[in-house]
Protein chains: 2
Amino acid sequence: MQNVFAPHDHANCTHSALTTVERACAERGLRLTPIRKRTLEILLEGHHALGAYDVLQKLSDDGLADKPPMAYRALNFLVEHGFAHRVERLNAYIACTHPDADHTPALWICLDCHKVAETVQAAELGQRLGQEGGFSINTLTIEAEGSCQQCRDESSND
Amino acid sequence: MQNVFAPHDHANCTHSALTTVERACAERGLRLTPIRKRTLEILLEGHHALGAYDVLQKLSDDGLADKPPMAYRALNFLVEHGFAHRVERLNAYIACTHPDADHTPALWICLDCHKVAETVQAAELGQRLGQEGGFSINTLTIEAEGSCQQCRDESSND
DNA sequence: CTATAAATGTTATGTTATAACATATCAATA
DNA sequence: TATTGATATGTTATAACATAACATTTATAG
Ligand SMILES: [Zn+2]
Ligand SMILES: [Zn+2]
Ligand SMILES: [Zn+2]
Ligand SMILES: [Zn+2]
């Protein structure tokens with residue numbers, strides 16, 4: 001999925017992410033337990049970032065988990081293996097939209113529709129920046145807040 | 001100051017930042033009140049990020065402030081006007097090392113010495129990334145965790 | 001089977017941040 | 001210089017985010 005801000009077949013979006021993650025877990029010997037799978041499904045419900053306690057509430061509604069550590073463990077599992085991303089600016093989490101690739105995403109947070117998109121072209125860019133000062137990058141966070149094309153188009157149609 | 005990871009005349013570092021901020025406040029009609037000034041001085045004590053409650057403790061030691069909102073207000077003032085930066089990855093704050101320039105910094109967090117450096121060459125880079133998807137950037141966060149040249153040099157001298 | 005590791009369940013608490021409202025101080029101007 | 005409106009500070013309370021520590025259960029390998 002390229003542009004989550006634009007209208008798209010989100011059922012397909014969800015389904016392909018889920019099957020990709022299931023395959024990746026099988027290949028890598030990771031256990032996509034019920035809590036973990038449901039947590040991913042919850043994040044996949046939309047392209048909005050959810051806080052850990054939002055996720056926990058939904059897990060609790062499903063009778064799967066009802067204590068903060070349970071949600072954090074599932075979210076951390078997904079993040080560690082690249083199936084979800086933490087949005088630092090929002091203290092929140094999104095499902096990854098290309099969970100097959102080993103990647104460092106740049107995140108685009110629309111302040112209008114509140115969707116969060118990601119692009120993967122950002123990593124080498126950071127590496128270049130860092131080399132200037134001899135800094136060796138372990139992890140790189142790139143997040144932008146602003147407005148997506150769709151929201152700007154809509155607001156100009158007033 | 002370019003490379004805060006390397007040994008440098010930090011007294012000068014502190015002094016020049018403080019006088020630059022004082023001048024900027026005078027020019028822009030901003031009030032660098034005692035709490036705000038002391039908060040800046042606290043951040044300037046080193047190139048380490050401090051949490052709001054660390055700052056609050058120091059303000060409290062000085063009898064200047066003793067409730068969370070006081071520290072957050074002072075920190076927010078400094079951040080809003082570009083005199084300090086919030087480090088999203090650390091939920092913490094650093095004094096800006098070039099408070100004269102209107103800038104979007106990239107932050108370099110050394111996991112070894114825990115110093116945080118900033119560079120200003122990053123903004124246009126983000127703009128370029130964003131334009132690809134038609135995203136209009138309001139604020140941009142670029143933060144890297146890793147190891148600085150000095151720390152890597154030292155650890156290879158074992 | 002059983003030993004081991006991994007995951008989950010649970011309690012408690014730590015950490016970060018803000019809403020809401022009261023009071024004081026500053027700065028412009030009548 | 002008194003009024004006043006804006007800005008900053010003081011205060012209470014609570015919201016929101018996150019993890020330490022330990023017990024129990026479940027999965028997997030030998
Ligand atoms: Zn979708
Ligand atoms: Zn949008
Ligand atoms: Zn310095
Ligand atoms: Zn270092």
Side-chain angles (χ1 to χ4, degrees), chain A residues 21-22 25-40 42-43 48-81 83-94 109 114 141 143 145, chain B residues 21 25-40 42-43 48-81 83-94 109 114 141 143:
Chain A
V21 170
E22 281 170 337
C25 285
E27 284 170 358
R28 304 191 222 161
L30 302 173
R31 292 170 56 198
L32 192 64
T33 61
I35 294 179
R36 292 169 175 176
K37 182 174 177 180
R38 184 73 194 113
T39 298
L40 179 58
I42 287 165
L43 294 181
H48 301 86
L50 293 180
Y53 282 75
D54 296 330
V55 170
L56 179 59
Q57 179 59 60
K58 287 169 185 272
L59 289 172
S60 178
D61 292 345
D62 295 344
L64 280 171
D66 63 341
K67 307 278 191 318
M70 298 174 178
Y72 281 102
R73 283 165 180 159
L75 289 166
N76 288 339
F77 168 85
L78 296 174
V79 169
E80 276 167 17
H81 296 97
F83 305 143
H85 301 295
R86 176 175 161 82
V87 188
E88 297 293 338
R89 288 290 294 264
L90 303 178
N91 294 331
Y93 302 83
I94 56 167
I109 305 163
H114 302 291
T141 299
E143 299 181 2
E145 286 184 346
Chain B
V21 170
C25 286
E27 284 170 359
R28 304 190 220 163
L30 302 173
R31 292 171 54 196
L32 193 63
T33 62
I35 294 179
R36 291 168 175 177
K37 182 173 177 181
R38 183 72 193 113
T39 298
L40 179 58
I42 287 165
L43 294 180
H48 302 87
L50 293 180
Y53 283 77
D54 297 329
V55 170
L56 178 58
Q57 180 58 60
K58 287 170 186 270
L59 289 173
S60 177
D61 292 345
D62 294 343
L64 279 171
D66 63 341
K67 307 281 191 317
M70 299 175 178
Y72 280 101
R73 284 164 180 159
L75 288 166
N76 287 340
F77 168 85
L78 295 174
V79 169
E80 276 165 18
H81 295 98
F83 305 144
H85 301 295
R86 175 174 163 81
V87 189
E88 297 292 338
R89 288 291 294 262
L90 303 178
N91 293 331
Y93 302 83
I94 55 166
I109 304 162
H114 302 292
T141 299
E143 300 180 2

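Computation of the quantities below employed the complete heavy-atom set of this structure, encompassing side-chain atoms and omitting hydrogens, waters and symmetry-equivalent molecules. Below, chains carry the letters A, B, ... as their sequence lines are ordered, and counting in each starts from 1.
- When rounded to the nearest whole Å, the span between CD of A:E80 and P of C:dA7 equals 10 Å.
- The side chain of B:R31 sits closest to D:dA8 out of D:dA8, C:dT18, D:dT19.
- As rounded to whole Å, 15 Å separates atom C1' of C:dA19 from atom CE of B:M70.
- Each of C:dT18, C:dA17, D:dA20 was ranked by its minimum atom distance to the side chain of B:N76; first place goes to C:dT18.
- Put simply, B:R86 has no side-chain N or O that comes within less than 4.0 Å of OP1 or OP2 on C:dT16.
- Using a 5.5 Å limit on the distance between ring centres and a 30° limit on the angle between planes, the aromatic ring of B:Y53 counts as stacked on the six-membered base ring of C:dT16.
- With a 4.5 Å cut-off on side-chain heavy atoms, B:E88 and A:E143 do not count as touching.
- Taking the side chain of B:P68 as heavy atoms from C-beta on, and the options C:dT10, D:dT11, C:dT18, the nearest nucleotide is C:dT18.
- Within the structure, every side-chain polar atom (N or O) of B:Y72 is placed at least 4.0 Å from both OP1 and OP2 of C:dT18.
- Counting heavy atoms from C-beta outward, B:R73 and B:T39 have side chains that stay 4.5 Å or more apart.
- For the pair B:I35 CD1 and C:dA24 P, the computed distance is 15 Å after rounding to whole Å.
- Atom CG of B:D66 and atom C1' of D:dT9 are 11 Å apart (whole Å).
- B:K37 places its NZ atom 14 Å from the P atom of D:dT9, with the value rounded to the nearest Å.
- Between the CG atom of A:L78 and the C1' atom of C:dA7 there is a distance of 14 Å, rounded to whole Å.
- If you check every strand for non-hydrogen atoms under 4.0 Å, A:R73 touches a base.
- One interatomic measurement links the two molecules: CG of A:D54 to P of D:dC17, which rounds to 7 Å at whole-angstrom precision.
- Between the P atom of D:dA16 and the CG atom of A:L50 lies a distance of 15 Å, rounded to the nearest Å.
- Heavy-atom minimum distance, A:R86 versus A:V79: N-CG2, 4.1 Å.
- Using a 4.0 Å heavy-atom criterion, one finds that B:L64 contacts the sugar-phosphate atoms exclusively.
- Across all non-hydrogen atoms, the minimal contact from A:A71 to A:A52 is CB-O, 3.8 Å.
- Taking 4.0 angstrom as the limit, A:K67 places none of its side-chain polar atoms (N or O) nearer than this to OP1 or OP2 of C:dG9.
- Using a 4.0 Å heavy-atom criterion, one finds that B:F77 contacts no nucleic acid atom at all.
- Inter-residue side-chain proximity for A:E22 and A:K37 is flagged as met; some heavy-atom pair is nearer than 4.5 Å.
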